[in-house]
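Every chain is numbered from 1, with letters handed out A, B, ... down the list of sequences.
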Amino acid sequence: MKFGVVVFPGSNCDADCYHVVRNVVGQECEYVWHESKDLRGFDAVILPGGFSYGDYLRSGALARFSPIMQSVYEFAEKGGLVIGICNGFQILLEAGLLPGAMLPNDNLEFRCGWVNVKVENADTAFTRLYRPGEIVRMPIAHHEGNYYAEKETLDELERSGRVVFRYVDENGCPSREANPNGAARNIAGIINERGNVLGMMPHPERCSEAILGGEDGRRLFLSMVRALCS
Amino acid sequence: MKYKGTVVVTLKDGIFDPQGAAVRGSLLALGYPQVVDVRMGKNIVLYLDVPSKEEALSLLDEMARRLLANPVTETYMVSVEEWCSRP
Amino acid sequence: MLEDKDSSGKPEPLNVSREATKTFPGVKTAKTPWREMGLKDQEYELIVEKLGREPNYTELGMFAVLWSEHCAYKHSKALLKTLPTSGPRVLVGPGENAGVVDIGDGLAVAFKIESHNHPCAVEPYQGAATGIGGIVRDILAMGARPVCLLDSLRFGPLSHPRSRFLFSGVVSGISGYGNCLGIPTVGGEVFFAEPYKNNPLCNVLCAGILRHEDLHKGQASGPGNIVMIVGHSTGRDGIHGCTFASEELGEDAESRRPNVQVGDPFMEKLLIEACLEMMATGAVVGVQDMGAAGITSSCAETAARAGTGLSIEINKVPMREKGMTPYEVMLSESQERMLLIVKPEKVETVESIARKWGLNVAPIGVVTGSGLLEVFDNGEKVASVPVKLLTEGPVYDPPAEEPAYIRENAHFSPESIPVPETSWFNEILLELLASPNIASKEPVYRQYDYMVRTDTVEGPGRGAAVIRVKGTRKALVFSTDCNGRIVYLDPRAGAMWAVAEAARNVAVTGAQPLAITNCLNFGNPEKPDIFWQFKEAVEGMGEACRVLETPVTGGNVSFYNETEGEPVYPTPVIGMLGLIEDVEKRVTPGFKLKGDKIALLGRVWGDGRSLCGSEYLERIHGVVAGSPRQPDLGLEKALIKTLVEAAGERLLRSAQDLSEGGLGVALAESCILACPGARGAKVNLQGVCPAGYRLDAVLFGECNSAVVVSFSPDKEEALRDVCAKNGVPFSVIGEVDGDVFTVEAGAGTTVIKVTSADMTGAWANGISRSLI
């Protein structure tokens with residue numbers, strides 16, 4: 001399978017995603033410069049973390065106007081798998097590929113560290129190798145991860161199983177303390193209606209090798225490979 | 001004609017503004033109990049070369065909608081004044 | 001087109017335009033403009049003498065910045081020459097943008113630490129941010145991909161509102177700038193003490209990895225090559241920043257704000273990617289960061305290193321503001337700019353890469369054989385000065401005199417401090433764990449992205465950070481260390497301890513310490529007592545580096561860290577680089593398994609003297625006094641060898657070095673950082689208490705060459721053998737337990753009994769409680 005990692009000016013997790021896809025998961029991978037308009041030949045697209053355009057104005061607000069984003073729309077339209085991680089999630093929200101928006105963390109600080117995340121929907125192309133309700137550990141590192149959407153949107157996301165990841169404590173409880181940024185209903189990741197566009201704040205690429213303190217993220221990439229093969 | 005446009009972007013009413021809350025907390029601590037609420041925002045100044053004030057306003061409104069404000073969380077106000085030379 | 005001038009190196013007595021009647025920022029009077037620019041009368045006279053004429057205003061400005069303490073090392077140069085700087089692994093020593101050390105397999109590490117103290121004192125957020133920007137560009141200039149950052153920070157006690165302001169500002173500045181760059185901030189230190197109240201220290205270490213063949217230097221070689229500027233446009237910001245950094249801060253420090261530049265981390269990120277891409281094409285002959293003194297210093301230094309000259313057309317510099325004078329363009333410290341020396345036929349390559357990344361780029365001049373830095377503005381020559389004259393400022397050998405407090409201290413008797421009753425030791429331990437100098441720094445480092453690049457094997461919160469090198473089994477280990485309180489009490493001993501502790505911190509992970517970079521933060525060197533501190537510290541550091549075989553590869557001196565006559569603690573921060581050949585063999589700090597044995601490698605002194613300068617003495621007894629002893633460097637070296645060998649043979653389950661808080665805190669931290677089920681320990685100190693010991697000194701005394709380790713019981717013999725072979729004392733002192741930490745002093749006398757939950761609580765909340 002061939003993955004594309006989009007490089008916006010200011011992306012800084014592009015090389016990390018590339019490394020995991022290529023060296024850990026063993027798939028083909030190529031960087032896609034943000035000025036490119038061509039995603040032909042790719043089976044999956046990763047919008048990586050970082051500070052695209054310095055996150056000036058709002059996280060992701062300027063990146064969504066990069067030429068590549070038109071191709072990302074079309075790629076998603078055709079059913080291609082798209083995952084936005086951290087800044088990539090913010091870009092997907094700004095681009096309208098996923099509903100809602102990001103606010104600055106309620107603690108007003110950049111937060112880096114490990115969090116517990118519950119896999120709320122293990123029946124997606126991105127999570128099929130996790131157990132339903134499984135609690136995994138993943139790193140976060142962001143300043144704007146406070147997910148917001150109107151109540152109706154949130155209800156709809158919940159009802160349709162589109163909340164894929166949720167911040168929880170060790171016991172799986174979505175408590176206030178377990179929420180690192182104030183996100184509505186402890187939401188850490190959501191998927192689109194069709195099930196081919198996922199946005200998440202935690203970084204699966206940072207926990208795909210044991211030497212980095214955890215391997216829970218690897219199954220996300222493996223799930224994508226499995227979904228693409230089937 | 002040159003115009004100076006100002007777009008003020010703030011969080012929509014009802015969305016919690018932690019920065020505003022932190023500033024209000026500090027102001028209360030400094031002895032300003034009169035402060036009932038604080039809302040922070042962005043002030044964006046644009047210098048435009050367009051023939052009329054109306055055109056300036058409509059351009060600003062369009063730019064605010066498309067880029068400067070996020071319609072999900074933010075609201076905005078635009079204003080225009082005449083401006084002869086750029087600073 | 002600029003012509004190649006003759007190479008006599010002599011300035012022409014030419015008609016350089018006169019600007020002396022104009023008024024310029026920061027200059028109040030034009031009569032003796034050199035004084036306002038920070039030059040002394042005799043320095044001005046020296047310039048006139050060597051130049052053979054009076055410099056014009058632009059030239060004077062160029063001299064002022066390059067002859068500032070910050071750029072010229074006037075007061076430190078002579079002593080720094082005494083430091084050991086060579087070794088089999090040193091590829092590039094001091095004098096370049098950063099030191100470079102061979103790590104085998106054709107790879108090398110460029111690393112350097114630098115201060116940004118003065119800017120942080122007036123505008124902590126931007127001061128810290130631009131400090132990171134500068135050191136990252138230094139590493140980039142060596143052709144290395146920057147891979148990690150460490151910050152060594154000093155503030156006044158958090159009870160002061162000003163200290164809190166500076167603390168939160170500096171931390172958010174590091175967070176705001178560093179995170180955006182995608183370079184993980186993996187470690188460092190934060191230390192709080194009164195003398196840093198108005199003079200915070202912000203030292204940043206950056207390290208990068210390169211292949212030997214990708215090494216670049218800051219040299220403007222090859223007459224005919226093109227001088228290019230890439231990155232941000234040039235504005236009026238930061239003019240005379242390095243002059244500012246070469247003065248004491250007065251009451252008007254706040255009003256100096258215009259000197260502080262604003263950082264743009266997004267631009268820096270693009271600059272990193274673009275420059276690495278440009279260097280990879282082979283287009284770049286020389287490269288230099290435009291830091292302090294901007295175009296002037298980067299041009300003069302690159303030409304001086306190559307023995308060439310440069311001819312610059314400043315009207316070609318991309319400018320941000322209109323109407324900038326030659327003086328302003330030459331001295332601007334606008335951030336995120338690099339100077340490149342490019343082969344003429346490759347100019348287009350460089351331009352197209354810059355365009356791809358959306359950066360300004362412009363050819364601004366040419367390398368000449370003249371030995372002169374010549375500056376033209378629209379064809380008019382506005383400056384012409386020999387580069388050697390600019391870069392070889394005066395060197396001073398100021399008087400040094402032992403400060404009065406040192407003599408007074410000699411009279412302090414630690415025995416005047418009563419040993420607390422046994423029943424108090426629990427409380428004392430918890431109090432020390434909660435001290436902001438010992439407590440968890442998580443409230444700080446959780447604001448830093450320490451995982452980006454997916455190489456951080458051991459991140460912040462340990463003595464040293466471990467960074468893997470992808471594509472190899474190797475890992476780099478970094479630590480920054482300096483206890484200013486000890487250095488203050490005895491600068492020679494304190495600097496030795498800083499080197500020894502940095503080496504030990506690296507060695508507990510199993511890494512071989514390779515080399516250091518240093519950042520020497522002191523007060524005003526023109527004061528004999530301050531210069532004495534500096535001299536003692538540099539000599540002590542040199543001696544320790546020689547014995548431990550860790551040469552000095554570069555660094556930075558920051559003088560004038562004084563406000564209204566009050567200097568900081570002398571703080572020679574040591575940044576140590578270590579190497580683990582097999583990352584899987586690394587050793588980590590916390591206990592791992594219940595039933596493992598605990599031993600002390602090395603020795604604790606346990607006497608009154610070891611309390612001098614300790615956290616215990618200040619925090620519990622409110623005393624900063626005494627004469628700390630010098631380290632036994634021979635023992636330190638043997639201890640390091642032992643740790644590296646023991647790790648190589650996989651004998652250790654954990655290792656934690658003794659520093660602030662002594663043995664008691666080292667053991668407590670081994671419990672706090674332990675794996676679940678192994679968060680306690682049963683310890684008996686009988687075997688390590690020397691004759692005539694005092695219990696508080698055994699538990700909380702500092703300045704010990706010692707490490708607490710735990711190991712599987714079946715490894716005891718092997719470990720004992722390694723220690724014996726190297727002549728390192730080895731004493732089994734207990735075993736890892738469930739979740740209670742108990743210490744017995746003799747037969748059956750329990751002096752400490754606390755749960756790991758209580759210790760963790762005190763330690764984890766120490767900083768946040770101080771902020772309430």
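- Atom SG in A:Cys207 sits 9.0 Å away from atom CE in C:Met451 (nearest 0.5 Å).
- Contacts between C:Tyr450 and chain A at a heavy-atom distance below 4.5 Å involve backbone atoms as well as side-chain atoms.
- Using a 4.5 Å cut-off between heavy atoms, C:Asp264 touches chain A through backbone and side chain atoms alike.
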- Query: Is there a side-chain contact (heavy atoms from CB on, under 4.5 Å) between C:Arg468 and A:Glu209 once you walk through the steps?
  - Reply: CA-CA 12 Å; C:Arg468 71 169 168 179; A:Glu209 298 164 87; 2.8 Å; yes

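- Annotation for A:Arg131: atom CZ does not count as buried by contact number, only 12 or fewer foreign heavy atoms lying within 6.0 Å.
- Note that the OG1 atom of C:Thr454 and the CG atom of A:Leu212 stand 6.0 Å from one another [nearest 0.5 Å].
- With respect to C:Arg446 and A:Glu109, a salt bridge is recorded, a charged nitrogen being found less than 4.0 Å from a carboxylate O.
- When heavy atoms are compared at a cutoff of 4.5 Å, A:His19 approaches chain C solely by way of its side chain, counted from C-beta outward.
- A salt bridge does not link A:Arg111 with C:Asp449: none of the charged nitrogens is closer than 4.0 Å to a carboxylate oxygen.
- More than 12 heavy atoms of other residues, nucleotides or ligands lie within 6.0 Å of CZ in C:Arg320, so this atom counts as buried by the packing criterion.
- The two atoms that bring C:Leu270 and A:Pro9 nearest to each other are CD2-CB, 3.7 Å, heavy atoms only.
- Considering only heavy-atom pairs separated by less than 4.5 Å from chain A, the leading option among C:Glu458, C:Glu273, C:Lys470 is C:Lys470.
- In this pair, A:Tyr53 and C:Phe266 present their aromatic rings tilted. The plane angle is within the 30 to 60° band.
- Contact detail for C:Val452 and A:Asn12: the closest heavy-atom pair is CG2-O, 3.5 Å.
- For the pair A:Ile211 and C:Val583, the minimum side-chain heavy-atom distance is below 4.5 Å.
- Neither the backbone nor the side chain of A:Ser208 comes within less than 4.5 Å of any heavy atom in chain C.
- Here the CZ atom belonging to A:Phe110 is positioned 9.5 Å from the SG atom belonging to C:Cys180, to the nearest 0.5 angstrom.
- For chain A, the option among C:Leu181, C:Val171, C:Asn179, C:Ile272 with the highest count of heavy-atom pairs below 4.5 Å is C:Asn179.
- Between the CD atom of C:Glu442 and the SG atom of A:Cys112 there is a distance of 9.5 Å, given to the nearest 0.5 Å.
- More than 12 heavy-atom neighbours from other residues, nucleotides or ligands sit within 6.0 angstrom of NZ on A:Lys2.
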